[in-house]
Amino acid sequence: MTRADLDEFRERVRDWCRAHVPKDWRREQTGVSDEEFVSFQQEWFQELRRAGFAVPHWPAEWGGGMPVAEQVVLYQELAAHDAPRLVLAFVAIHHAASTLLAAGTDAQRRRHLPAILDGEIWVQGFSEPGAGSDLAALSTSARREGDAYVVNGQKLWASGAAHADWCLLLARTDPSAPKRRGISYFLMDMRTPGIDVRAVRQATGESHFCEIFLDDVVIPAEHLVGPENEGWRVAQRTLGAERGMTMLELAERLGNGGFRWLVELCARPGPGGARPLDDPLVADRLAALETELTGLRALCARLVADEDPGPADASIVKLYYSELLQRMTDFGAEVAGLAAHTALRKPLSSGWESGAWVLDFIGSWEWTIPGGTSEIQRSIIGERGLGLPREPRGS
Amino acid sequence: MPAESPGLSELHDELRAVARDLLGKADAEAAADWRSIAGAGWPGLEVPGAFDGADATFAEVAVILQEMGRAAARGPYAAVAVLGVGVLNLLESGPDRDRLLRDTAAGDAVPVAVLEGEAMGETSFRIARTARGPLLHGTADFVLDAPAADRLLVPALDPDGTPVIVGVDPRAAGLSVERRPVLDATRGFGRVAVTDVSVPPESVWRFRGDPQEAVRRLRDRAAVAMACDSLGLSKAMLEATVAYAGVREQFGRKIGSFQAVKHACADMLVQVSVARELVAAAVRGQAGDEPGAAVAASMAKSYACAAAVEVAGKAMQLHGGMGYTWESGVHVYLKRAALNRSLFGSPALHRRRLAERYSPLARERLDAYGGSERSLS
Ligand SMILES: Cc1cc2nc3c(=O)[nH]c(=O)nc-3n(C[C@H](O)[C@H](O)[C@H](O)COP(=O)(O)OP(=O)(O)OC[C@H]3O[C@@H](n4cnc5c(N)ncnc54)[C@H](O)[C@@H]3O)c2cc1C
């Protein structure tokens, strides 16, 4: 692809954004009901799909096939035009799809990939009360009975489970095998009897993540992904698979809207009447943040372009993004002062930065805790990235 | 430097134990009953014995404030004991003011000083001479616990430009207190707007000493109160995290055995220890009305309130997904810590005030009261 082709593509995306990004969606998505959020997300997903922008990272035969360089441009422009984020479809188009593409059967792909394009919603049911950082310690059991499995246990922190049609489920099929060897990977229909979903309220006051109680839930054997007891390997292969482009999208958002709002905040008169920006310390912090954001965006661009990324590259990006998000929103909260504490709600469908700085700051732990905590990421970077001796891990 | 005499230290231990017990019993969703708080004698700690108070000092109030932070307690205690009583004690004696002090000690009055929570400039309230007699007008935003007050103590400039305090009934015609809900549900704020409220002469109270100085001292008290609260909540978060790290297991081990967790807890303790010393010095400064009180106040406020945000944030991180739930309550502390940081002067503002002392030209002037008025506006 030539430079000119890319420029032309960028123009096309810009035109499309100007015509299609809903005006005023941030205001309208603040304080909306669950139903309104879901229907807004579904509509936006279909809008993107019609333009060929919903699943650009999928293979061409399933409706994707966009070159990586164009995907980068697409996410840059969506961020620059402050488009809503695909929050609801996230697990479906990334984790579910990459799992199916990497390890699913043909029948599973035909069953689910087109359905995902039509709006099928997925949730990831990996973590459990006793298995967070140590995911392999999970104890939800799946007992083979004829051509089905009977599942019992409890999943915790499943984001978006209340709206999900299907669940990516890890369960133990061989309790006698070493921890990682006895786990299998299932696709679970959320309408199956025996599934009880309860929303858990989180620090921001919203209730997006859920507990899932599984009581004799029957999963047909055809919903097993990969061989029995090979679930850990399937999960490992697909967990980090989508990290590059999704991180690039988030980094672009933080670097665009997020930073712009911060500058705007600093350029407005503050509580004492003075503009924070006129304080050299504030100006210095802004410049430092812009520099860090530039570094983050470049890291992400390199990660997606790299055919053979290093074993810790995804961890470096995840760690840096999440902690930069935390520092930046913390700074926003400090500069904005008490007024930022009166923003009791933030717009749904946004990125992790919304301009409601205190809420954004609290919400930043939603990045430093899940998907491998910052502490775990540092161990991965030290061990896999630098080859340092491993931490003692107990059993 | 000895922190406190042995007798005092015992008294404080006792006060602390009673406070922990009383606040521990309170429903997390509601303020401890004002009657029981008054019954414990806390609002009257600094009220003179002549008005049935305990004749104690800010050092004792500080013990309660720390416990309030530790419990993330609701209710107007800080607004009343630190600001309300603080203002009244700075005023000339008079029948209304004396009665109010007495009622406050008894728990029969809830007076709140109308101080801007954030903009630390001069008061916007003015008394104007009019044909209808003297009228008060002005506004103040983010007034701590204004909605809970049954008497508002409004700092205003009288027609001659002298700072005075006007005692106003919150239900007076022309006065409105609009609630300002914030993320930290344990705290209440109001926006107080006054348009042409008539001011009978007996409701105008004069300061005993230099009025400008009195208003500055009040701000320092408020800043130190926030530092106490933040220190208390930091301690609570440290203890909760250490307890959790000692029971939560992953990879077959207590998570506290991982250096990443252990070192983070150690850093929290280091921060809490430094904050404790700075707060103790600031409390002594307030209690003894010492010359370096303003400097100590700014140091304690900027350090303890910034550290508390970091400590509560680490607590959330080290509790993992559990820490991010509403139910765990860590968010209550993180929100309160973030709020304390912005209330009564941000760390940046207080550090600016400290830094102004470095300029040789300004030194002499600043040494007089350890901070400049200009830096507060
Ligand atoms: C907002 C949110 C959304 C989530 N969404 C999902 C979802 O959709 N699906 C899903 O399956 N899960 C989800 N999770 C779960 C998430 O992946 C786990 O919370 C995370 O892996 C941490 O596990 P834990 O909560 O059990 O904490 P723990 O593992 O108990 O960790 C507690 C603390 O100990 C530290 N620690 C643990 N082990 C070590 C070690 N070996 N070395 C150093 N430090 C260590 C951690 O870093 C952390 O600070 C979500 C969590 C959150 C908060």
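- Heavy atoms closer than 4.5 Å to chain A are found in the side chain of B/V309, but not in its backbone.
- Residue A/A137: no heavy atom, backbone or side chain, is found under 4.5 Å from chain B.
- Taken from CZ in B/R352 to CG in A/L281, the straight-line distance is 8.0 Å, to the nearest 0.5 Å.
- To the nearest 0.5 Å, atoms OG (A/S364) and CE (B/M316) are separated by 9.0 Å.
- In terms of non-hydrogen atom pairs under 4.5 Å with chain B, the most contact-rich of A/S133, A/A333, A/A274 is A/S133.
- Heavy atoms only, all atoms of each residue included: A/G337 and B/S342 are closest at CA-OG, 3.6 Å.
- Nearest heavy-atom pair, A/L338 versus B/E118, reported as atom, atom and distance to 0.1 Å: N-OE2, 2.8 Å.
- If you measure heavy-atom distances from A/A343 to chain B, the contacts under 4.5 Å come from the backbone alone.
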Would B/D184 and A/H341 count as a side-chain contact (heavy atoms from CB on, under 4.5 Å) if you check the C-alpha gap in whole Å, the side-chain angles of each, and the deciding distance to 0.1 Å?
CA-CA 8 Å; B/D184 172 10; A/H341 289 261; 5.5 Å; no
Does the side-chain hydrogen bond (donor to acceptor under 3.5 Å, both in side chains) test come out yes or no for B/Q259 and A/E391, once each step is laid out?
CA-CA 9 Å; B/Q259 284 204 346; A/E391 284 251 322; over 6 Å; no
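- In this structure, A/Q202 CD and B/H331 NE2 are separated by 10.5 Å, a value rounded to the nearest 0.5 Å.
- Within 6.0 Å of CZ on B/R126 lie more than 12 heavy atoms contributed by other residues, nucleotides or ligands.
- Side chain of A/E375 to main chain of B/A260: no donor-acceptor pair is present (N/O by atom type, distance under 3.5 Å, no hydrogens or angles).
- Atom CD1 in A/I369 sits 8.0 Å away from atom OH in B/Y324 (nearest 0.5 Å).
- Within 6.0 Å of the CZ atom in A/R345, the count of heavy atoms belonging to other residues, nucleotides or ligands does not exceed 12.
- For A/L156, no part lies under 4.5 angstrom from a heavy atom of chain B.
- Taking both residues in full, the closest heavy atoms of B/R248 and A/G130 are given as NH1-CA, 4.1 Å, listed atom of the first, atom of the second, then distance.
- Both the backbone and the side chain of B/T325 come within contact range of chain A, each with at least one heavy atom under 4.5 Å from a heavy atom of that chain.
- Judged by distance alone, with hydrogens and angles left aside, the side-chain atoms of B/K335 form a donor-acceptor pair with the main-chain N or O of A/A203 at under 3.5 Å.
- Heavy-atom distances place no part of A/A136 under 4.5 Å from chain B, backbone and side chain included.
- For A/D330, the parts lying under 4.5 angstrom from a heavy atom of chain B are both the backbone and the side chain.
- Of the two parts of A/E366, the backbone and the side chain both hold a non-hydrogen atom closer than 4.5 Å to a non-hydrogen atom of chain B.
- Looking at A/S207, there are no atoms closer than 4.5 Å to chain B (heavy atoms on both sides), in backbone or side chain.
- Across B/L334, B/L339, B/V332, the residue that shares the most heavy-atom pairs under 4.5 angstrom with chain A is B/L339.
- Residue B/L318 touches chain A through its side chain alone, counting heavy-atom pairs closer than 4.5 Å.
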Could you walk me through whether A/E206 and B/W326 pass side-chain contact (heavy atoms from CB on, under 4.5 Å), step by step?
CA-CA 9 Å; A/E206 298 158 331; B/W326 184 270; over 6 Å; no
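- Heavy-atom contacts from other residues, nucleotides or ligands closer than 6.0 Å to CZ of B/R179 number 12 or fewer.
- Going from atom CZ of B/F258 over to atom CD1 of A/I376 covers 7.0 Å, rounded to the nearest 0.5 Å.
- Within a 6.0 Å sphere centred on CZ of A/R233, other residues, nucleotides and ligands contribute 12 heavy atoms or fewer.
- When atom types are taken as modelled, the side chain of A/D134 and the backbone of B/Q250 share no donor-acceptor pair closer than 3.5 angstrom.
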